[in-house]
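What follows is one structure encoded as structure tokens, with my remarks underneath.
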Amino acid sequence: MNLALVAAGLGAATWLVARLRDVRVRVASGERPAVSVVVPARNEATALPRVLGALQRQHDPPFEVIVVDDDSDDDTAAVARAHGCRVVRASPPTGWLGKPWACHTGAAAARGTHLLFLDADTWLAPTAIGALLDEHSACGGLLSVQPYHETRAAYEELSAYPNAVAVMASGAFAAIRPAPAAFGPCLLTTAADYRRVGGHAAVADEVVEDLRLSRRYDACGLPVTCLAGGDVVHYRMYPGGWRTLVDGWTKNLAAGATAASPWAVAGTVLWVGAHAAVAWATAAAVLRWVLRSGGPPVLELAAWTAVAAHLAWLLRRVGSFRIWTAIAFPVPLAAFVALFARSAAWRITRRAVPWRGRPVRVGRQAR
């Protein structure tokens, strides 16, 4: 076993999350700015009650909540109206993907000085809007939060590596020279800065519109800050079954890899490679021991323990993944490799992934 590879992989991962920090809740006083919350929603009637209910319980209530009904064929609009929200209908025109168009439409209808974009599967603690405003007042520009990933069903544990990889490969939390990056489920900006960078119109046809939007802020000289959701911002990504998990990551993985910072991707690949090397070497050593053609796999099991412990530490920073997911890491690792291969193949062949009843072509070229 190449112990240098293992050490380098774990070291690279630690370096890439060195600045990973949760949203902080402060005790603040004074008048708050008017926040327009924009929730893009396509067939989200089941998810909306949680996010909208959480918005109603905020200690610092938003100025308005706008639910953009993205051509839904369920009760999305009715659920939003029942919670007292403004509902805006949106159907993406040619040249736009659904989510950028929904965000653009919601922002155009907003009347607040600040815009908070929230995915429908995201929910907030009662202190969240106040905490986000405090964080934004300290940094300015674009504030992005990677929500704490809540998992329930066993199949959701297969998101462990994709989630960790998304955090690391973004480069947003690296120890030195963080890269401009953003996480689409939770974005906060002033309306003035949003218009200055061109808003979602500048990323109209991007699958990874969040990352591209962060590059627009950076190009315009505006800061981009990423935080982890911690106890403040949560989401549950794919509650609809394993098929939605497969399609969701197929849509995002390869597109994110091609758009992410190359040095962060290299470090992440090194980390994944170290995990694969340990899994393979340990399996081979155990087999030799069982067949009495080798000694006890002490070194390999020690490396397995180190990798599992490091993975458990990282996964607890980003979500509620179970400890057995880290202990049996080759299982979610194999799922990640398969998901990434599928995503890359579909991107190369420019196939369309069915997503919420609408085809999304993952091979769309970024601008």
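In this text, all values refer to a predicted model and were calculated from it rather than measured experimentally.
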Check your understanding: Which value, rounded to the nearest 0.5 Å, describes the distance between Leu52 atom CG and Arg81 atom CZ?
Key -> 13.0 Å
Exercise for review: Please tell me if the side chains of Trp249 and Ser343 come closer than 4.5 Å, counting only heavy atoms from C-beta onward.
Suggested key: no
Check your understanding: Got a donor-acceptor contact below 3.5 angstrom from the Tyr155 side chain to the Gly241 backbone?
Key -> yes
Review point. Within a radius of less than 6.0 Å around CH2 of Trp15, do more than 12 heavy atoms belonging to other residues, nucleotides or ligands occur?
Key: yes
Review point. Distance from Asn252 atom CG to Met237 atom CE, nearest 0.5 Å?
Key: 6.5 Å
Check your understanding: Under a single-linkage definition using a 4.5 Å side-chain heavy-atom cutoff for Ile, Leu, Val, Met, Phe, Trp and Tyr, are Ile176 and Val17 assigned to the same hydrophobic cluster?
Key -> yes
**Study point:** For Asp71 against Arg42, the heavy-atom pair lying closest together
**Key:** O-NH1, 2.8 Å
Review point. Would you say Tyr161 and Trp242 are hydrophobically clustered, going by side-chain heavy atoms of ILVMFWY under 4.5 Å?
Key: yes
Exercise for review: Apply side-chain contact (heavy atoms from CB on, under 4.5 Å) to the pair Thr14 and Leu314, showing each step before the final yes or no.
Suggested key: CA-CA 9 Å; Thr14 303; Leu314 178 56; over 6 Å; no
Review point. Are Asp70 and Pro92 close enough that some pair of their side-chain heavy atoms sits under 4.5 Å apart?
Key: yes
Point to revise | Linked, directly or transitively: Leu227 and Tyr148 (ILVMFWY side chains, under 4.5 Å) | key: no
Check your understanding: Around atom CH2 of Trp313, are there more than 12 heavy atoms of other residues, nucleotides or ligands at under 6.0 Å?
Key -> yes
Point to revise | Closest heavy-atom pair and its distance - Cys85, Val67 | key: CB-CG2, 4.0 Å
Check your understanding: Judged by atom type as modelled, is there a donor-acceptor pair below 3.5 Å linking the side chain of Glu209 to the main-chain atoms of Asp205?
Key -> no
Review point. Would a distance-only check, ignoring hydrogens and angles, find a side-chain to backbone donor-acceptor pair under 3.5 Å from Arg19 to Ala175?
Key: yes
Check your understanding: Do you know the tightest heavy-atom contact between Leu311 and Trp271?
Key -> CD1-CZ2, 3.7 Å
Review point. Do Glu135 and Arg24 touch side chain to side chain, with heavy atoms closer than 4.5 Å?
Key: yes
Review point. Do Tyr235 and Leu118 touch side chain to side chain, with heavy atoms closer than 4.5 Å?
Key: no
Exercise for review: Mark yes or no for whether Glu44, through its side chain, and Asp75, through its backbone, hold a donor-acceptor pair below 3.5 Å.
Suggested key: no
Check your understanding: Is Val318 close to His149 at the side-chain level, that is, under 4.5 Å between some pair of heavy atoms?
Key -> no
Practice item. Carefully, step by step, assess Leu116 and Cys186 under the rule side-chain contact (heavy atoms from CB on, under 4.5 Å). Key: CA-CA 7 Å; Leu116 175 59; Cys186 181; 4.1 Å; yes
Point to revise | Face-on cation placement of Arg342 at Trp346 ring, 6.0 Å and 45° thresholds | key: yes
Practice item. Could you go through the side-chain contact (heavy atoms from CB on, under 4.5 Å) check for Leu301 and Thr282 one step at a time? Key: CA-CA 7 Å; Leu301 289 176; Thr282 304; 3.9 Å; yes
Practice item. Would you name the heavy atoms of Ala125 and Asp231 that are closest together and state the gap between them? Key: CB-O, 3.5 Å
Check your understanding: For the hydrophobic clusters of this structure (ILVMFWY residues joined by side-chain heavy atoms under 4.5 Å, transitively), does one cluster hold both Tyr238 and Leu253?
Key -> yes
Review point. Pick one: which of Phe117, Phe183, Tyr217 meets side-chain contact (heavy atoms from CB on, under 4.5 Å) with Ser144?
Key: Phe183
Exercise for review: Verify the cluster assignment for Leu333 and Leu245: are they in a single hydrophobic cluster under the rule of side-chain heavy atoms below 4.5 Å apart?
Suggested key: yes
Check your understanding: Just how far is it from atom CG of Leu187 to atom OG of Ser214, taken to the nearest 0.5 Å?
Key -> 9.0 Å
Review point. Atom CG in Asp193, atom NE2 in His114: separation rounded to 0.5 Å?
Key: 8.5 Å
Check your understanding: For the residue pair Ala279 and Pro330, what are the closest heavy atoms and their distance?
Key -> CB-CG, 3.8 Å
Review point. When you check the side-chain N and O atoms of Thr190 and Arg196, is any donor under 3.5 Å from an acceptor?
Key: no
Review point. For the ring pair (Phe, Tyr, Trp, His ring centres under 6.0 Å) test, which of Trp101, Trp96, Tyr194 pairs with His200?
Key: Tyr194
Check your understanding: Under 3.5 Å, side chain of Asn43 to main-chain N/O of Asp73, donor-acceptor pair present?
Key -> yes
Review point. Between Ser36 (side chain) and Glu64 (backbone), is there a donor-acceptor pair under 3.5 Å?
Key: no
Point to revise | Side-chain touch Leu339/Pro162, heavy atoms, less than 4.5 angstrom | key: yes
**Study point:** Pairwise distance CZ(Arg50) to NE2(His234) - rounded to 0.5 angstrom
**Key:** 10.5 Å
Review point. Distance-only, no hydrogens or angles: does the Glu157 side chain make a donor-acceptor pair with backbone N or O of Thr325 under 3.5 Å?
Key: no
Practice item. Return yes if some donor-acceptor pair links the side-chain N/O of His136 with the main-chain N/O of Gly141 below 3.5 Å, else return no. Key: yes
Exercise for review: Using a 4.5 Å cut-off on heavy atoms from C-beta on, say whether the side chain of Trp123 contacts that of Arg236.
Suggested key: yes
Check your understanding: Quick one: do the Ser72 and Asp69 side chains pair a donor with an acceptor below 3.5 Å?
Key -> yes
Point to revise | Atom pair SG/CG of Cys220 and Leu142 - distance to nearest 0.5 Å | key: 11.5 Å
Point to revise | Any donor-acceptor N/O pair, Asp218 side chain to Pro180 backbone, under 3.5 Å | key: no
Practice item. Evaluate the criterion side-chain contact (heavy atoms from CB on, under 4.5 Å) for residue pair Thr151 and Phe321; output intermediate values, then yes/no. Key: CA-CA 6 Å; Thr151 59; Phe321 297 98; 3.7 Å; yes
Review point. Within a reach of under 6.0 Å around CZ of Arg292, are more than 12 heavy atoms found that belong to other residues, nucleotides or ligands?
Key: no
Point to revise | Heavy-atom closest pair, residues Val79 and Ala45 | key: CG2-O, 3.9 Å
Point to revise | Side chain proximity check, Arg215 to Leu211, heavy atoms < 4.5 angstrom | key: yes
